[in-house]
Enquirer: 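Let me begin by handing over the structure; questions about it come next.
Reckoned from all heavy atoms, side chains included, excluding hydrogens, waters and symmetry mates. So you know, we letter chains A, B, ... as the sequences are listed, proteins then strands, and number each from 1.
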4 protein chains.
Amino acid sequence: MIKVDTDSFVPIFEQIKQGIKRDITSGVLKPQQALSSIRDLAADLIVNPNTVARAYRELEMEGFIETRQARGSLVAGNSAALAKQEREAILDRIFNEAVAEARRFYLNDAEILRLFERKLRAGGGNVATGEPKVKGDKHE
Amino acid sequence: MIKVDTDSFVPIFEQIKQGIKRDITSGVLKPQQALSSIRDLAADLIVNPNTVARAYRELEMEGFIETRQARGSLVAGNSAALAKQEREAILDRIFNEAVAEARRFYLNDAEILRLFERKLRAGGGNVATGEPKVKGDKHE
Amino acid sequence: MIKVDTDSFVPIFEQIKQGIKRDITSGVLKPQQALSSIRDLAADLIVNPNTVARAYRELEMEGFIETRQARGSLVAGNSAALAKQEREAILDRIFNEAVAEARRFYLNDAEILRLFERKLRAGGGNVATGEPKVKGDKHE
Amino acid sequence: MIKVDTDSFVPIFEQIKQGIKRDITSGVLKPQQALSSIRDLAADLIVNPNTVARAYRELEMEGFIETRQARGSLVAGNSAALAKQEREAILDRIFNEAVAEARRFYLNDAEILRLFERKLRAGGGNVATGEPKVKGDKHE
DNA sequence: GTGGTCTAGACCACC
DNA sequence: GTGGTCTAGACCACA
């Protein structure tokens, strides 16, 4: 389920791209599986169809999806390799950022690990909950 | 040392704000310490002075810095309280995001922790290195 | 043998029209000769029958073919005159484009001729080979 | 000088892309040279700015141009390599098509060469003149 | 002034 | 119904 945050600096079309990429990389969307039609997804997200169209177009250019005239779009058959790459890139990036941020505060590795572990056990990042964004605090 | 990424979706003035906030919260900049002049920082970052001016203006509105005519800007005396808040908010957010992202890939807590630990030991988050951003693949 | 390129900007029905015109002008299809049935050709090209039907309809309007109820379509008896026209138009156009394109790169006539000759001897234009189209780099 | 043909099957944004690529590959536009602003070019071509913007955006994604916020776009510094590739790809494609078309009419190599040579000497493809498009005869 | 994104709404090609 | 392109016009971020 893709969520659009209009307060984010990240353009809507990019959020949609990332959302679909994530669903592909995480296996929610499987190769050859049909995607929502542009119009449907636009209606879902309460967003202009052109915006979704741009996301789809760029995803196709990057090889994640295929689209056939008048028959909609589907996950690319060879998306598996890309998915693996993407998945590693995402995890690498996000973990790296977390460590970098913590190091900036002069925490040593043990402290960082302890904090992270506590967060993890506390159920942090629960997908069901989502991350409660603070309005007006646009970090990404 | 602030770094500006012109390929990021985050506006430059916001990147500068975050950079200065980080330096304050991490203690690199201490209360009453003078900040670079607007034009110096602009020259440093190869950025328009207006952009730096906007960052400073907003930081002042948020209480992080103070600006005195002819004396330039300096870190607010009462920045300590803000810094603590900010520091916790940043760590909470970034760790939460990391966990959330990992959970999206259906990793269980043990796996997440193992990956994070490996990253940490591998020297992850080295600010000097950074991640070479690929244009058109912007994540924040 | 008609080939359909779904990545081309040229609509499929137009590609089919051009393919049949080419077969008529080149003599592969002779006056009064029967064409494939709409549904056969559609099955062959893995294309919607409506698309083939449209190509046939327009070819009939342009006088290249005739359609008789229940007897299917056949090459028009008077297609010879049209074929000659068409053939010259095609050659003129394609050679003109080739020369124009080469001139745009400031090649002089001798160089152009040399390049063309090399291509010719190298077996250029082998229809079987074709040029592997790259999606998103569509030239026609 | 880019020309837009609204009767072509090739989308306007693609015609603009090709026109700029051609100017880069032919040396009319040199590395680091500034391009027309989106709005100016749009006014020139009597086309919507969004259409030009899309052309520029894709050219940037392909590495032909660079664009800096609020400072316009310029030919990429490393466009030379791309230009060479592109130039060869264009010539290869166009010559190949010409030969293929001629072969379809069962002309042998000598005949093809003779026709091509005649066209060349007759001043075919004169860039100054342009190619007189036949209205409604959409071939590309 | 620049480019970037988004919306709203139209028309087309194809199934 | 599908996606694709285009227009018109708005607003924002940045120089």
Enquirer: Any idea which of E/dG3, E/dC14, F/dC6 is nearest the D/Gln69 side chain?
Expert: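 Among the listed nucleotides, the one closest to the side chain of D/Gln69 is E/dG3.
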
Enquirer: In whole Å, what is the span from the CG atom of B/Leu45 to the C1' atom of F/dC14?
Expert: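 Rounded to the whole Å, the gap is 15 Å.
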
Enquirer: Quick one: does C/Leu74's side chain get under 4.5 Å of C/Leu35's, heavy atoms only?
Expert: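 The answer is no; the side chains never approach within 4.5 Å.
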
Enquirer: Rounded to whole angstroms, how far apart are CD on A/Glu14 and C1' on E/dC6?
Expert: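 It is 15 Å, rounded to the nearest whole Å.
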
Enquirer: At under 4.0 Å, does any side-chain N or O of A/Thr67 touch on OP1 or OP2 of F/dG3?
Expert: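 The answer is no; no side-chain N or O of A/Thr67 sits under 4.0 Å from OP1 or OP2.
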
Enquirer: Which nucleotide sits closest to the side chain of D/Ile38: E/dT5, E/dC15, E/dG3?
Expert: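 Taking heavy atoms from C-beta onward, the closest nucleotide is E/dG3.
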
Enquirer: Between D/Pro49 and A/Ser36, who's closer to the 5' end of DNA chain F by nearest nucleotide?
Expert: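 Its nucleotide being nearer the 5' end, the pick is A/Ser36.
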
Enquirer: For a quick check of understanding: with a heavy-atom distance under 4.0 Å over all strands, which category does D/Tyr56 fall into, base, sugar-phosphate or nothing?
Expert: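 Here D/Tyr56 touches no strand at all.
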
Enquirer: Is A/Ser37 near enough to F/dT2 that one of its side-chain N or O atoms lies under 4.0 angstrom from OP1 or OP2?
Expert: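 Result: yes.
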
Enquirer: To the nearest Å, how far apart are D/Ile16 CD1 and F/dC6 C1'?
Expert: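 Spelled out: CD1 on D/Ile16 to C1' on F/dC6 is 11 Å.
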
Enquirer: Can you pull the salt bridge (charged side-chain N to carboxylate O under 4.0 Å, His left out) pairs that have at least one residue in residues 30-56 of chain D, sequence neighbours excluded?
Expert: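 Residue pairs passing salt bridge (charged side-chain N to carboxylate O under 4.0 Å, His left out), neighbours aside: D/Arg54-D/Glu58.
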
Enquirer: Among D/Lys21, D/Arg57, D/Glu60, whose side chain to side chain contact (heavy atoms under 4.5 Å, CB included) with D/Ile65 holds?
Expert: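 Running side chain to side chain contact (heavy atoms under 4.5 Å, CB included) over D/Lys21, D/Arg57, D/Glu60 with D/Ile65 returns exactly one hit, D/Glu60.
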
Enquirer: May I have the distance from C/Ile46 (atom CD1) to E/dC14 (atom P), rounded to whole angstrom?
Expert: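 So the CD1-P distance, C/Ile46 to E/dC14, works out to 17 Å.
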
Enquirer: What nitrogen or oxygen pairs link the protein and nucleotides 9-12 of chain F at under 3.5 Å?
Expert:
from: F/dG9; atom 1: O6; to: D/Asn50; atom 2: ND2; distance (Å): 2.9

Enquirer: Taking C-beta and beyond as the side chain, do A/Phe13 and A/Val47 meet within less than 4.5 Å on heavy atoms?
Expert: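 No, their side chains stay 4.5 Å or more apart.
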
Enquirer: Is the shortest side-chain heavy-atom distance between D/Glu86 and D/Phe64 below 4.5 Å?
Expert: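 They are in side-chain contact.
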
Enquirer: Between E/dT5, E/dA13, F/dT2, which nucleotide gets closest to the side-chain atoms of C/Pro11?
Expert: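 Nucleotide nearest to C/Pro11's side chain: E/dA13.
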
Enquirer: Could you work out which one of E/dT7, E/dA13, F/dC6 sits closest to the side chain of D/Ile12?
Expert: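 Of the options given, the side chain of D/Ile12 lies nearest F/dC6.
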
Enquirer: Tell me: CG of A/Asp7 to C1' of E/dT5, nearest whole Å?
Expert: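 Going from A/Asp7 (CG) to E/dT5 (C1'), I get 15 Å.
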
Enquirer: What is the distance from CG of D/Leu74 to P of E/dT2, rounded to the nearest Å?
Expert: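 My rounded result for the distance is 15 Å.
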
Enquirer: Once side chain to side chain donor-acceptor pair (under 3.5 Å) is applied, do any residues pair with B/Asn48, and if so which ones, sequence neighbours excluded?
Expert: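 Partners of B/Asn48 under the side chain to side chain donor-acceptor pair (under 3.5 Å) test: B/Asn50.
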
Enquirer: Which stems does DNA chain F form, counting runs of 3 or more consecutive Watson-Crick or G-U wobble pairs with both distances under 3.5 Å?
Expert: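 DNA chain F stems, ordered by first number: E:1-14 with F:1-14.
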
Enquirer: Grab the CD-C1' distance between D/Glu60 and E/dT2 for me, whole Å please.
Expert: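 My rounded result for the distance is 14 Å.
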
Enquirer: Sequence neighbours left out, what passes side-chain contact (heavy atoms from CB on, under 4.5 Å) with B/Ala76? Give chain and number order.
Expert: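 With neighbours one apart ignored, the set is B/Glu66, B/Asn78, B/Ser79.
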
Enquirer: Go through E/dG1, E/dC6, F/dC6 for me and flag the one nearest to the D/Phe13 side chain.
Expert: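 Per side-chain heavy atoms of D/Phe13, the pick is F/dC6.
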
Enquirer: Do A/Val75 and A/Gln32 have side chains that approach each other closer than 4.5 Å (heavy atoms only, starting at C-beta)?
Expert: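 Of all side-chain heavy-atom pairs linking A/Gln32 with A/Val75, none is under 4.5 Å.
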
Enquirer: Examine E/dT5: is either OP1 or OP2 under 4.0 Å from a nitrogen or oxygen in the side chain of A/Arg54? Give yes or no.
Expert: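 For A/Arg54, the contact criterion (side-chain N or O under 4.0 Å from OP1 or OP2 of E/dT5) is met.
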
Enquirer: Would you find a donor on one side and an acceptor on the other, under 3.5 Å apart, between the side chain of C/Gln15 and the backbone of C/Val10?
Expert: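 Side chain of C/Gln15 to backbone of C/Val10, a donor-acceptor pair under 3.5 Å: yes, one is there.
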
Enquirer: Between D/Arg57 and D/Asp40, which is nearer to the 5' end of DNA chain E once each is assigned its nearest nucleotide?
Expert: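 So the residue in question is D/Asp40.
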
Enquirer: By side chain to side chain donor-acceptor pair (under 3.5 Å), which residues pair with B/Ser73, not counting sequence neighbours?
Expert: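 Listed in chain order: B/Thr67.
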
Enquirer: Does D/Thr51 make a side-chain N or O approach to OP1 or OP2 of F/dT7 shorter than 4.0 Å?
Expert: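 Answer is yes, contact under 4.0 Å.
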
Enquirer: Can you find a pair of side-chain heavy atoms, one from B/Glu97 and one from B/Glu101, that are under 4.5 Å apart?
Expert: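 The answer is no; the side chains never approach within 4.5 Å.
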
Enquirer: Separation of B/Phe9 atom CZ from E/dT5 atom P, in whole Å?
Expert: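 Result: 6 Å.
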
Enquirer: Can you check whether D/Arg68 has a side-chain N or O nearer than 4.0 Å to OP1 or OP2 of E/dG3?
Expert: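 Answer is no, no contact under 4.0 Å.
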
